[in-house]
Trainee: 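The structure follows.
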Amino acid sequence: MPMAELLRDTPVALRDVSTAPILVVDDDDAILHVIEEQLKWEGYQVVTATSPSAALELLAITAFSVIVCDQCMPEMEGLDFLAKARELRPSTSRMLITGVLSLDTMIDAINRGEIFRFIAKPWLRAELLATVKNGVHRFELQESNHRLHNEAMRLNDKLKAANAELQSKYQELVDKTRDLDAANGALKTNFEQSLELCYRITNTFYPLLGQHTKSVVDICKRMAETNHFTDEEKHVLTVSAWLHDIGLIGFERDLLHKYFVRPGSLSADEMKTLKNHPAYGQTLAAFVDQLRTVGETIRAHHEQFDGKGYPDGIAGESIPWTARCLALAVFYAESTLTKQQTIDAIVKESGKLFDPEAVRLFFKVTQIAELPQSVREIMVEELAPGMKLVKGIHSPSGLLLVAEGQDLSLATISKIKNHHMLTSVTQRLLVYC
């Protein structure tokens, strides 16, 4: 027997056919049996009904992939039955077996979607099986599309819900951010008002203290505008400038007058007492700004670079950078000397009372020492190749490190910086613009 005939005549039990059964409707038991056997031989599940009403009851409770229906039945014509079946199971492929309807009627029924195909009597077995196979395939596509559509709708609803939740959370975050900004704004306002209150108390208690504070704040703000501080250090320097002498509140006014106007008239005990005011200031400042470095800066603003200051006698870089800068501003603001005498004193005390880098920064931002337009003041860290020194650089012992007018190279700059790390370069660094 040829292989094609063997495959045609052998039941396809393992074939991947639709799990939904096929419904065959005909009032003729003989025809019903023939179609049922032919389809079962191909591996399909088949359910039969001998009347349209029985078939409609089945359709109400069961999904079928294909309906094969005869046109001529006493209870109801096939086209009418299939129209009702379409309402119950729109995805099911509907096929009509007939030999009496006109071709125009059939085409019209197909175009209107009432039937998928019609099979003319007498039918060929191969034609019937091919038509049913196409019908099953159509049903599976319809069901697959329906499932995909439902899944898409489900995911779309889920996405809408997620978007709604996200929008809600976003709005909640926006509201919280707005509230936080408002709270931060209120805190900033309260903080600034606290600083202003401290200043007013100081100014009311002893007006000269208020004058000094204003001058110190102005200089420190200029310093903080440079790139020689971190953001925190800028805050610390500015706040410390406002609060640096708050520890003097409570001392007798006569004692403060002697301290600022006639310091030479102070007794040893009076000076010892006054030297505690940076520590008192550290304690009081904690009530305004809890940042530890603010208190440390206030405590150390009377320390000296050579370690001979008070209250702790620390030296060099052990003194906070912000305190070393604040010390210059305080010295300048409280000086009773002339402007030039004060400048000369600062230059003289560079490396002793004051950090040389802080001195250079002070002169750079205040510009109190007038320089020619072609000359500018810089710090050690700002030295760059190609710069030309206005004055030579000497070591504290007088040894010439770099000659006047020399163009700086990387090697020369490295030499200056290495020497500065070991022994601070105390003189001002002036270069041509």
Trainee: With the threshold set at 4.0 Å, does a side-chain nitrogen-carboxylate oxygen contact exist between Glu225 and Lys221?
Mentor: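 No, no charged N to carboxylate O under 4.0 Å.
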
Trainee: Could you grab the distance from atom CG of Leu82 to atom CE of Met95, nearest 0.5 Å is fine?
Mentor: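 Separation between the atoms: 11.0 Å.
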
Trainee: Would a 4.5 Å heavy-atom cut-off, applied to side chains only, mark His302 and Leu274 as touching?
Mentor: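 SC-SC contact between His302 and Leu274 ruled out.
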
Trainee: Does the side chain of Lys84 reach to within under 4.5 Å of the side chain of Leu59, using non-hydrogen atoms?
Mentor: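 Not touching, per the 4.5 Å side-chain cut-off.
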
Trainee: Between Arg147 and Glu151, does at least one N-O distance fall below 4.0 Å, as a salt bridge requires?
Mentor: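 Salt bridge absent between Arg147 and Glu151.
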
Trainee: Is there a side-chain contact between Leu266 and Leu255, using heavy atoms and a 4.5 Å cut-off?
Mentor: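 SC-SC contact between Leu266 and Leu255 confirmed.
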
Trainee: Please determine which of Leu389, Ile413, Val425 meets the side-chain contact (heavy atoms from CB on, under 4.5 Å) test together with Val402.
Mentor: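 That would be Leu389.
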
Trainee: Testing the basics here: between Ala333 and His212, what is the closest heavy-atom pair and its distance to 0.1 Å?
Mentor: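 Answer, listing the atom of Ala333 first, then His212: O-CD2, 3.4 Å.
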
Trainee: Among Glu317, Gln304, His301, which residue meets the side-chain contact (heavy atoms from CB on, under 4.5 Å) test with Arg324?
Mentor: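 Passing option: Glu317.
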
Trainee: Relative to Tyr310, does Lys272 satisfy both conditions: NZ or CZ under 6.0 angstrom from the six-membered ring centre, and within 45 degrees of the ring's axis?
Mentor: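 No cation-pi geometry.
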
Trainee: Heavy-atom count around His394 NE2 within 6.0 Å, excluding the residue itself: above 12?
Mentor: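 It does: His394 NE2 has more than 12 such atoms within range.
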
Trainee: Salt bridge check: are Arg360 and Glu357 linked by an N-O gap of less than 4.0 Å?
Mentor: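 A salt bridge is present here (some side-chain N lies under 4.0 Å from a carboxylate O).
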
Trainee: Is there side-chain contact between Leu326 and Cys220, with at least one heavy-atom pair below 4.5 Å?
Mentor: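 They are in side-chain contact.
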
Trainee: Rounded to the nearest 0.5 Å, what's the gap from CD on Glu172 to CD on Glu165? Could you check?
Mentor: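 CD of Glu165 is found 10.5 Å from CD of Glu172.
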
Trainee: Tell me every residue that passes side chain to side chain contact (heavy atoms under 4.5 Å, CB included) with Val390, counting only those two or more places apart in sequence or in another chain.
Mentor: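 With neighbours one apart ignored, the set is Val375, Leu430, Tyr432.
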
Trainee: Would His228 and Glu381 count as a side chain to side chain contact (heavy atoms under 4.5 Å, CB included) here? Give the steps.
Mentor: CA-CA 9 Å; His228 302 294; Glu381 65 182 47; 2.6 Å; yes

Trainee: Would you give the length of the straight line joining atom CD1 of Ile393 to atom NZ of Lys415, rounded to the nearest 0.5 angstrom?
Mentor: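 Taking CD1 in Ile393 and NZ in Lys415, the distance rounds to 9.5 Å.
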
Trainee: Examine distances only and state if a side-chain atom of Arg253 and a backbone atom of Phe205 form a donor-acceptor pair shorter than 3.5 Å.
Mentor: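 Yes; at least one donor-acceptor contact below 3.5 Å.
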
Trainee: Pick out which of Leu361, Asp355, Ile346 makes a side-chain contact (heavy atoms from CB on, under 4.5 Å) with Leu328.
Mentor: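 Running side-chain contact (heavy atoms from CB on, under 4.5 Å) over Leu361, Asp355, Ile346 with Leu328 returns exactly one hit, Ile346.
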
Trainee: Are Phe260 and Leu209 close enough that some pair of their side-chain heavy atoms sits under 4.5 Å apart?
Mentor: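 With C-beta onward as the side chain, the pair touches.
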
Trainee: After noting the C-alpha distance and the side-chain angles of Asn145 and His149, does the key distance pass the side-chain hydrogen bond (donor to acceptor under 3.5 Å, both in side chains) rule?
Mentor: CA-CA 6 Å; Asn145 288 339; His149 174 74; over 6 Å; no

Trainee: Please report the interatomic distance CG(Asn418) to CG(Leu401), rounded to the nearest 0.5 Å.
Mentor: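 The distance works out to 11.5 Å.
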
Trainee: Got a salt bridge between Lys214 and Asp218, using NZ or NE/NH1/NH2 to carboxylate O under 4.0 Å?
Mentor: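 Salt bridge: no.
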
Trainee: Does any non-hydrogen side-chain atom of Phe305 lie less than 4.5 Å from one of Pro356?
Mentor: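 Yes - at least one pair of side-chain heavy atoms lies under 4.5 Å apart.
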
Trainee: Side chains of Leu129 and Leu39: closer than 4.5 Å at any heavy-atom pair?
Mentor: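 Yes. Closest side-chain heavy atoms under 4.5 Å.
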
Trainee: Have His235 and Asp231 got a donor and an acceptor in their side chains that come within less than 3.5 Å?
Mentor: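 No pair is found: no donor N or O on one side chain lies under 3.5 Å from an acceptor on the other.
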
Trainee: So how far is it from Leu237 CG to His244 NE2, rounded to the nearest 0.5 Å?
Mentor: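 Answer for the CG-NE2 pair, Leu237 versus His244, is 11.5 Å.
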
Trainee: Answer yes if the side chains of Asn163 and Gln167 hold a donor-acceptor pair under 3.5 Å, and no otherwise.
Mentor: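 No.
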
Trainee: Ignoring hydrogens and geometry beyond distance, is a side-chain donor-acceptor pair present between Ser93 and Arg138 at under 3.5 Å?
Mentor: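 There is such a pair between these side chains.
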
Trainee: From the options Val288, Thr213, Leu284, select the one residue that forms a side-chain contact (heavy atoms from CB on, under 4.5 Å) with Leu243.
Mentor: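 Exactly one pass, corresponding to Val288.
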
Trainee: Just jot down the side chain to side chain contact (heavy atoms under 4.5 Å, CB included) partners of Leu337, sequence neighbours excluded, or say none.
Mentor: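 Partners of Leu337 under the side chain to side chain contact (heavy atoms under 4.5 Å, CB included) test: Ser335, Gln341, Thr342, Ala345.
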
Trainee: Are any side-chain N or O atoms of Ser91 and backbone N or O atoms of Gln142, one a donor and one an acceptor, separated by less than 3.5 Å?
Mentor: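 A pair under 3.5 Å: no.
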
Trainee: Are the side chains of Phe354 and Phe362 in touch, meaning some heavy atoms are under 4.5 Å apart?
Mentor: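 Phe354 vs Phe362: side chains apart.
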
Trainee: Let's go through Ile378 and Leu383 carefully: what are the C-alpha distance in whole Å and the side-chain angles of both, what is the deciding distance for side chain to side chain contact (heavy atoms under 4.5 Å, CB included) to 0.1 Å, and is it a yes or a no?
Mentor: CA-CA 7 Å; Ile378 63 170; Leu383 291 169; 3.4 Å; yes

Trainee: Is the distance between the ring centroids of Tyr206 and Phe251 under 6.0 Å?
Mentor: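 No, too far apart.
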
